[in-house]
Amino acid sequence: MNKKLEEIINNNRKYVQEGLVASYIPELAKANKDHLAVHIFDVNCNENYFGDVDVKFTIQSVSKVITLICALLDKGEDQVFEKVGTEPSSDAFNSIARLETRASHIPLNPFINAGAIVTTALINGDNGYEKFERVRNLIRKMADNDSIDVNYNVYNSEKLTGNTNRALAYYLKGAGIICDGVEDILDAYFKLCSLEVTARDIAKIASVLANKGVAPWSNERIIGVDHTRIVLAIMTTCGLYDSSGNFAVKVGMPSKSGVGGCIMSVAPKKMGVCVFGPALDQSGNSMAGKMVLEEVSKELDLSIF
Ligand code: GLU
């Protein structure tokens, strides 16, 4: 299969030219837009990969999946979905518009920035650092990698320039949806987005979701079956920002993308897949990465539809 992945990566390299690296977080603008990688980790612990798989990148919005899982563990389904919805958004990932116009003011879903700020606030812990540590530890456990940590250059860059996220968080506080200290929650959110990972880490996290919440390498249950089902459903409808519908048609795998250039995809009962390519399309998804996933999904018959 490595040969097939090599062919798929080479077929789709041309698309990196059509994308742009994220620049609204200045540190992310330093990424090499030519990087492209795919890593597969299946539920029997077989691995296949090709491309720039050793390059480290920040997890960005993919952390929102694990933050949601942690919030569900800490507060349960009812309390979480009282504060954040489960509906897709056709607005940009950091849009503030619908917070104001929706009667309830709650964010549409946990994978847009406003929603992830709410789920971060729901994590158990007396302060932002404790909340951050809880989610980081779950990320480490799901990736089976205790060395995952913050890239402080990206974190500082996000913290310095994250004024749109600040606006979202203060609006949510004003509307009574979050109660804790806003700066503390934002600090946890920025740190979680700045965790540095490889494609292998993300493929392993996805393999836990593919295996109904059980780590394939140890058979330890990390997430309940119900929580896994909820998270996969929201990944399917909301995981690719405002192009989730098109992605469902083309790829058909529950997925979550991040502006660092990675897309985490799950083939239930089969495998976790990570693609990485920092050149993004207009919605903020890896341009070449989504094309690679489309081909991988067709080749291995991974669409859930
Ligand atoms: N840290 C990024 C932000 O808050 C995450 C965005 C993303 O990956 O979608 O803007």
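Counting starts at 1 for both ligands and their atoms, in listed order. In what follows, every heavy atom counts, from backbone to side chain, and hydrogens, waters and symmetry copies are set aside.
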Let me have the donor-acceptor pairs involving side chains of residues 204-214, under 3.5 Å, with sequence neighbours excluded, atom names and distances please.
from	atom 1	to	atom 2	distance (Å)
Lys204	NZ	Asp144	OD2	3.1
Ser207	OG	Lys204	O	2.7
Asn211	ND2	Val214	O	3.0

What atoms in ligand 1 come closer than 4.0 Å to a heavy atom of [X]?
X      : result
Gly258 : 8 (O)
Asn113 : 3 (C), 4 (O), 10 (O)
Cys193 : 1 (N)

**Request:** Look at atom 4 (O) of ligand 1 and find which of Tyr155, Tyr189, Phe111 reaches it with the closest heavy atom.
**Result:**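 Checking each option, the heavy atom nearest atom 4 (O) of ligand 1 is found in Tyr189.
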**Item:** Any donor-acceptor pair under 3.5 Å from Asn163 side chain to Arg166 backbone
**Value:**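 A pair under 3.5 Å: no.
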**Asked** Lys33 side chain to Ala279 main-chain N or O, any donor-acceptor pair under 3.5 Å?
**Response**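 No; zero donor-acceptor contacts below 3.5 Å.
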**Asked** Does the N or O separation between Glu158 and ligand 1 drop below 3.5 Å for any pair?
**Response**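 By distance alone, the answer is yes.
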**Prompt:** Looking only at distance, does Val259 have an N or O less than 3.5 Å from an N or O of ligand 1?
**Reply:**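 Yes; at least one N/O pair falls below 3.5 Å.
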**Request:** Examine Lys290 relative to Tyr15 and say whether NZ or CZ is less than 6.0 Å from the centre of the six-membered ring and inside a 45° cone about the ring axis.
**Result:**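 Judged by the rule, Lys290 and Tyr15 form no cation-pi pair.
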**Request:** Could you name each residue pair satisfying side-chain hydrogen bond (donor to acceptor under 3.5 Å, both in side chains) that touches residues 215-225, not counting sequence neighbours?
**Result:**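 Output for this query lists Lys141-Glu220.
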**Message:** Is the ring pair Phe132/Tyr129 parallel, tilted or perpendicular, if the boundaries are 30 and 60 degrees?
**Reply:**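 Tilted: the ring planes of Phe132 and Tyr129 meet at 30° to 60°.
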Which heavy atom of the protein is the closest neighbour of [atom], given with residue, atom name and distance?
atom                    : value
atom 9 (O) of ligand 1  : Tyr241 OH, 2.3 Å
atom 5 (C) of ligand 1  : Gln60 OE1, 3.3 Å
atom 10 (O) of ligand 1 : Tyr24 OH, 2.5 Å
atom 7 (C) of ligand 1  : Ser61 OG, 2.6 Å

**Prompt:** At a non-hydrogen distance cut-off of under 4.0 Å, which region of Asn165 contacts ligand 1 (side chain, backbone, both, or neither)?
**Reply:**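 Under 4.0 Å from ligand 1, Asn165 contributes side-chain atoms alone.
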**Message:** If the contact criterion is a heavy-atom separation under 4.0 Å, does Asn94 count as touching ligand 1?
**Reply:**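 Per 4.0 Å heavy-atom rule, Asn94 does not contact ligand 1.
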**Prompt:** If you measure from the Lys or Arg side-chain nitrogens to the Asp or Glu carboxylate oxygens, is any gap between Lys131 and Asp184 under 4.0 Å?
**Reply:**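 No salt bridge links Lys131 with Asp184.
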**Item:** Gap separating the OG atom of Ser257 from the CG atom of Leu240, nearest 0.5 angstrom
**Value:**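 Taking OG in Ser257 and CG in Leu240, the distance rounds to 4.5 Å.
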